[in-house]
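In what follows, chains are A, B, ... by sequence order, proteins preceding strands, each numbered from 1. Being a predicted model, the structure only gives us computed values, none of them experimental.
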Number of protein chains: 2
Amino acid sequence: MKQIQKKNEGTRFKRTPQRLAILEYLEGNTSHPSAEDIFRVVSKRYQSMSFATVYNTLNTLTRAGELRELTIDPERKRYDPDTSRHHHLICVLCGKIADIPEKIGVELPKDMAEHFVLLGHHIEFYGHCSSCRKKNKAK
Amino acid sequence: MKQIQKKNEGTRFKRTPQRLAILEYLEGNTSHPSAEDIFRVVSKRYQSMSFATVYNTLNTLTRAGELRELTIDPERKRYDPDTSRHHHLICVLCGKIADIPEKIGVELPKDMAEHFVLLGHHIEFYGHCSSCRKKNKAK
DNA sequence: CATAATGCTTAGAATGATTATAATTTATAT
DNA sequence: ATATAAATTATAATCATTCTAAGCATTATG
């Protein structure tokens with residue numbers, strides 16, 4: 001994300017305070033926030049901030065390849081400032097999403113691999129996170 | 001899907017013509033249709049069919065474990081009558097979604113596996129399908 | 001086979017996420 | 001300083017999905 005700020009210097013990407021506030025919030029953020037999550041936090045500082053600005057900025061960053069849109073939550077888009085290849089682990093109890101490094105070798109079955117040009121893949125792991133696991137034991 | 005029909009005999013699942021038409025359409029269907037896709041086809045036969053009935057039925061089937069809701073398309077839910085564990089291959093050019101059998105061994109990194117109770121996983125493969133590949137070559 | 005009870009269907013309204021619009025404001029390069 | 005292009009804003013619009021309330025149809029039962 002720091003790169004975003006650098007990368008966009010000297011381009012026609014205007015460094016408005018609203019955008020900088022959104023970038024600052026996203027920088028290193030591993031919570032996979034929705035647009036609303038972002039709006040809620042950032043609009044506290046910039047009271048004039050509009051929801052539209054959040055969406056505009058997220059779309060601009062996504063188009064620029066600086067942000068990854070996640071299609072994991074069926075109710076809303078989530079955003080991930082980590083655009084490197086990695087996977088996700090979803091707690092089906094609390095909904096938290098964690099990152100998993102891409103060390104996992106995965107292959108398409110041969111018959112399909114012959115016909116399909118593979119560009120990438122994404123794994124969603126489902127289960128119970130450690131904190132929910134503990135809560136359940138406590139019962 | 002045939003099982004749905006059997007399975008629900010004798011239960012309080014009412015076998016209305018609308019539901020049977022939806023079940024028939026879904027039976028063996030590998031197109032991963034959206035609610036609208038289903039409505040478009042099925043409402044041709046049952047002209048009185050309401051969109052709400054499609055949603056109601058899809059939700060009922062999903063809750064009964066007879067249908068799988070896919071969170072792959074960021075714009076809308078897709079439905080898969082194959083509820084067995086398997087993965088998907090998405091053509092980023094035409095949007096078609098194909099099934100991949102679950103023969104693929106995948107493991108969580110050890111440090112994460114220790115803390116997380118893993119229930120399942122789902123892989124999305126992205127690339128170009130054979131038909132789009134041919135079209136592109138033709139240019 | 002008649003009927004009650006429950007569950008289903010329906011149209012339309014409501015909701016919630018996201019995008020579009022159009023006027024105003026601001027960052028940036030000159 | 002200022003022009004220009006681009007961003008912000010409030011609001012309206014759109015699209016998928018859910019809710020509601022009234023009437024209707026399946027199913028179990030007598």
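- Listed for the B/Asn29 side chain is no donor-acceptor partner under 3.5 Å among the backbone atoms of B/Leu26.
- Ring geometry for B/Phe125 against A/His121 counts as tilted: the plane angle lies between 30° and 60°, on a 0 to 90° scale.
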Exercise. Can you give one letter per nucleotide of nucleotides 1-12 of chain C, going 5' to 3': B for a protein heavy atom under 4.0 Å from the base, S for sugar-phosphate only, - for none?
Worked result: -----BBSBBB-
Problem set entry | Criterion side-chain contact (heavy atoms from CB on, under 4.5 Å) on A/Ile97 and A/Ile72, from CA distance to verdict | CA-CA 9 Å; A/Ile97 300 175; A/Ile72 284 179; 3.9 Å; yes
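- For the residue pair A/His122/A/His86, the side-chain donor-acceptor check at 3.5 Å is not satisfied.
- The CZ atom of A/Arg63 sits 11 Å away from the C1' atom of C/dT19 (whole-angstrom rounding).
- Counting to the nearest Å, the C1' atom of D/dA6 and the CG atom of A/Asn59 are 16 Å from each other.
- As rounded to whole Å, 15 Å separates atom C1' of D/dA6 from atom CG of A/Leu61.
- One interatomic measurement links the two molecules: CG of A/Leu20 to P of C/dT26, which rounds to 15 Å at whole-angstrom precision.
- Take B/Asp73 and apply the salt bridge (Lys or Arg N to Asp or Glu O under 4.0 Å) test, not counting sequence neighbours, and it matches B/Arg76, B/Arg78.
- Checking A/Tyr126 against A/Glu124 by side-chain atom types alone, a donor-acceptor pair falls below 3.5 Å.
- Looking only at atom types and distance, the side chain of B/His32 has a donor-acceptor partner in the side chain of B/Asp99 under 3.5 Å away.
- A donor and an acceptor atom, one from each side chain of A/Asn59 and A/Thr62, are nowhere located under 3.5 Å apart.
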Could I get a table of every N or O pair under 3.5 Å where one atom is in the protein and the other is in nucleotides 15-17 of chain C?
from	atom 1	to	atom 2	distance (Å)
C/dA17	OP1	A/Arg76	NH1	2.7

